Colleague: 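A single structure is presented below for examination.
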Amino acid sequence: MKKIFLYFSLLFSILSCSSNDTEAQTKTEEKYQTKNVVLLVVDGPRISETWEAANKENIPNRVSLLSQGVFISNFRNNGTTNTNPGHSAMCSGVYENIKNNGTELPGFPSVMQQWLKYTGADKTKAWVIASKDKLEVLNNCKLEEWNGKFQPSVDCGVSGNGSGYRADAVTIANTKEVMKKYSPNVMVINLKDVDSYGHANNWNEYIKAIKTTDASIKEIWEYIQSLPAYKDKTTLIVSNDHGRHLDANGGFAEHGDDCAGCRHIEFFAMGPDFKKNTTISTGNYEQIDIASTMAELLGIPKQYMKGKVIKDAFK
């Protein structure tokens, strides 16, 4: 009789532990409502022409969308203020001075690579879609155990690295097609027109491109909400790889140093786990924090990442 009692006691204990483990797992899985993360990078606007313009007249859509999201007013790039290093920092969570011409891979895996490894998902569930061909390097890294493995799908430039840049309108159309066809869970999008017109020293087209990318942000957000695979379970993060020189440092045509114009960039985000109608002006948040925040929302390890999770933006 005593043996029977001990048997049932042990059985009850095992079942109880199993139940507790299942509950704990469910709680972990349900920590965030976000199931998909889209990082949209507007390449190279100065904050003085976006969020710090006198009336924010160049970003009316973001101003309107702020009722659904969070803006960090003092967000910075504390690494190299060029395109490839900036994008690499956002994706890997590590600042590196990699070459800016598409001939050097990042040193560490991106959040896309880590997500693909952790989940075992097909490569069509993670994408790099860029107007600049040289950003195709974001789908790989130098680290031996990651090099050539767990690579996200790419759609960069005219037809891949070395093929030349393409218009942002093509990138937006391709992004929507990829979302509709593959429903990826992780995406990084680059829009280059602002940077291109800045380098051309064409102020009017530079401002026009800022306004166009602002409209594109609204277009992508509304498209996200129109798709069952994304609606109410997708976070959209908008940021920049770098800003541009202050007028005192040579003006908007160039970038690449540590002046405030190059370092001060945007963080604007909307999603089911983020606060609404909120501007954050405290805390020292920076570019490498984006990767850690994406990893946190997606429930994957933050291996190699040097940034912190932007908890102040969360509900």
Side-chain angles (χ1 to χ4, degrees), residues 21-41 87-94 105-130 135-156 174-190 220 223-224 227-237 239 269-274 288-311 314:
D21 287 345
T22 303
E23 287 178 14
Q25 183 178 0
T26 300
K27 285 178 181 177
T28 301
E29 290 173 352
E30 294 177 353
K31 185 176 182 181
Y32 300 111
Q33 296 177 57
T34 295
K35 305 303 175 192
N36 319 289
V37 179
V38 178
L39 170 61
L40 192 159
V41 183
H87 280 78
S88 175
M90 284 183 276
C91 292
S92 71
V94 181
L105 295 175
F108 298 92
S110 69
V111 68
M112 294 88 74
Q113 278 187 287
Q114 294 189 56
W115 183 85
L116 286 170
K117 179 181 180 180
Y118 183 74
T119 63
D122 184 79
K123 66 180 294 184
T124 58
K125 292 297 184 178
W127 282 78
V128 178
I129 304 179
L135 289 172
E136 188 170 301
V137 297
L138 295 175
N139 85 326
N140 202 0
C141 72
K142 297 176 197 170
L143 208 59
E144 184 177 355
E145 58 266 41
W146 291 85
N147 182 261
K149 302 172 184 176
F150 317 110
Q151 293 179 261
S153 300
V154 290
D155 174 20
C156 300
N174 289 7
T175 295
K176 292 166 76 173
E177 185 61 31
V178 165
M179 285 181 170
K180 183 179 179 181
K181 185 174 181 180
Y182 298 109
S183 300
N185 299 89
V186 196
M187 300 180 75
V188 175
I189 306 162
N190 159 267
I220 289 296
Y223 192 69
I224 284 170
L227 299 173
Y230 291 102
K231 181 177 170 58
D232 298 329
K233 49 191 171 185
T234 301
T235 289
L236 173 65
I237 297 172
S239 194
M270 299 174 289
D273 300 294
F274 281 7
I288 55 173
D289 298 340
I290 289 176
S292 296
T293 302
M294 292 174 69
E296 174 75 9
L297 289 167
L298 293 166
I300 61 172
K302 303 174 188 67
Q303 191 176 15
Y304 312 111
M305 297 178 187
K306 304 298 184 184
K308 55 188 173 293
V309 177
I310 307 174
K311 287 289 183 110
F314 290 19

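As the structure is a computational prediction, the values presented were derived from the model and not from experiment. What you see below is based on every heavy atom in this structure, not just the backbone, and it leaves out hydrogens, waters and symmetry mates.
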Colleague: Are Y304 and L143 packed together at the side-chain level, in the sense that at least one heavy-atom pair is separated by less than 4.5 angstrom?
Modeller: yes

Colleague: Kindly compute the distance separating CG (L135) from CG (D155), expressed to the nearest 0.5 Å.
Modeller: 12.0 Å

Colleague: For W146, is the NZ or CZ atom of K117 found under 6.0 angstrom from the centre of its six-membered ring and inside 45 degrees of the ring axis?
Modeller: yes

Colleague: Identify the heavy atoms of T175 and M187 that sit nearest to each other, and give their distance.
Modeller: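 Smallest interatomic distance, heavy atoms only, reads CG2-CE, 3.8 Å.
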
Colleague: Quick check for you: to the nearest 0.5 Å, what is the distance between L227 atom CG and K180 atom NZ?
Modeller: 9.0 Å

Colleague: Which atoms form the tightest heavy-atom contact between K149 and E145, and what is the distance?
Modeller: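 Distance-wise, the nearest heavy atoms are CD-O, 3.5 Å.
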
Colleague: Side-chain contact test, heavy atoms from C-beta onward, threshold under 4.5 Å: evaluate it for E296 versus K311 and give yes or no.
Modeller: yes

Colleague: Give me the one residue out of L39, I300, V309 that meets side-chain contact (heavy atoms from CB on, under 4.5 Å) with M294.
Modeller: L39

Colleague: With no hydrogens and no angle check, is any side-chain donor or acceptor of E136 less than 3.5 Å from a backbone partner on V154?
Modeller: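 Here the side-chain-to-backbone pair does not exist.
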
Colleague: Nearest heavy-atom pair of P301 and Q114: which atoms, and what distance?
Modeller: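 Closest approach of P301 to Q114: O-OE1, 3.5 Å.
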
Colleague: Quick check for you: to the nearest 0.5 Å, what is the distance between T293 atom OG1 and I288 atom CD1?
Modeller: 10.5 Å

Colleague: Over 60° means perpendicular and under 30° means parallel, so classify the ring planes of Y32 and F314, tilted if in between.
Modeller: perpendicular

Colleague: Determine yes or no for a side-chain-to-main-chain donor-acceptor pair under 3.5 angstrom, with Y230 supplying the side chain and P184 the backbone.
Modeller: yes

Colleague: Let me confirm one number: the CG-CD1 distance from L236 to I220, rounded to the nearest 0.5 Å.
Modeller: 8.0 Å

Colleague: To the closest 0.5 Å, what do you measure between CE (M305) and CZ (F108)?
Modeller: 12.0 Å

Colleague: Identify the heavy atoms of S292 and G307 that sit nearest to each other, and give their distance.
Modeller: OG-O, 2.9 Å

Colleague: Between the side chain of S153 and the main-chain N/O of W127, is any donor-acceptor distance below 3.5 Å?
Modeller: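 Here the side-chain-to-backbone pair does not exist.
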
Colleague: Please round to the nearest 0.5 Å and tell me the distance separating atom OG1 of T119 and atom CG of N185.
Modeller: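 T119 OG1 to N185 CG: 7.5 Å, rounded to 0.5 Å.
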
Colleague: More than 12 heavy atoms of other residues, nucleotides or ligands under 6.0 Å from OH of Y223: yes or no?
Modeller: yes

Colleague: Ignoring hydrogens, what is the shortest heavy-atom contact between L105 and V137? Give both atom names and the distance.
Modeller: CD2-O, 3.7 Å

Colleague: Just wondering, do K302 and V111 contact through their side chains at under 4.5 Å, heavy atoms?
Modeller: no

Colleague: V188 vs M90, test: side chain to side chain contact (heavy atoms under 4.5 Å, CB included). Steps then yes/no.
Modeller: CA-CA 10 Å; V188 175; M90 284 183 276; over 6 Å; no

Colleague: Using the side chain to side chain contact (heavy atoms under 4.5 Å, CB included) rule, take I237 and T235 through it: C-alpha gap first, then chi angles, then the decisive distance, then the call.
Modeller: CA-CA 6 Å; I237 297 172; T235 289; 3.9 Å; yes

Colleague: How close do N36 and A229 get, heavy atom to heavy atom, and via which atoms?
Modeller: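 Nearest heavy atoms, N36 then A229: ND2-O, 3.2 Å.
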
Colleague: Taking the side chain as every heavy atom from C-beta outward, state whether N140 and N147 have any pair of such atoms under 4.5 Å apart.
Modeller: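 Yes, close enough: below the 4.5 Å cut-off.
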
Colleague: So L138 and S110, do their side chains get closer than 4.5 Å, heavy atoms only?
Modeller: no

Colleague: Can any side-chain N or O of K125 pair as donor or acceptor with the backbone N or O of Y182 at less than 3.5 Å?
Modeller: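 Pair found, side chain donor or acceptor close to backbone of Y182.
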
Colleague: Does D289 reach the main-chain N or O of I310 with its side chain, forming a donor-acceptor pair under 3.5 Å?
Modeller: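 Side chain of D289 to backbone of I310, a donor-acceptor pair under 3.5 Å: no, none is there.
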
Colleague: Side chains of V128 and H87, heavy atoms from C-beta outward: is any pair under 4.5 Å?
Modeller: no

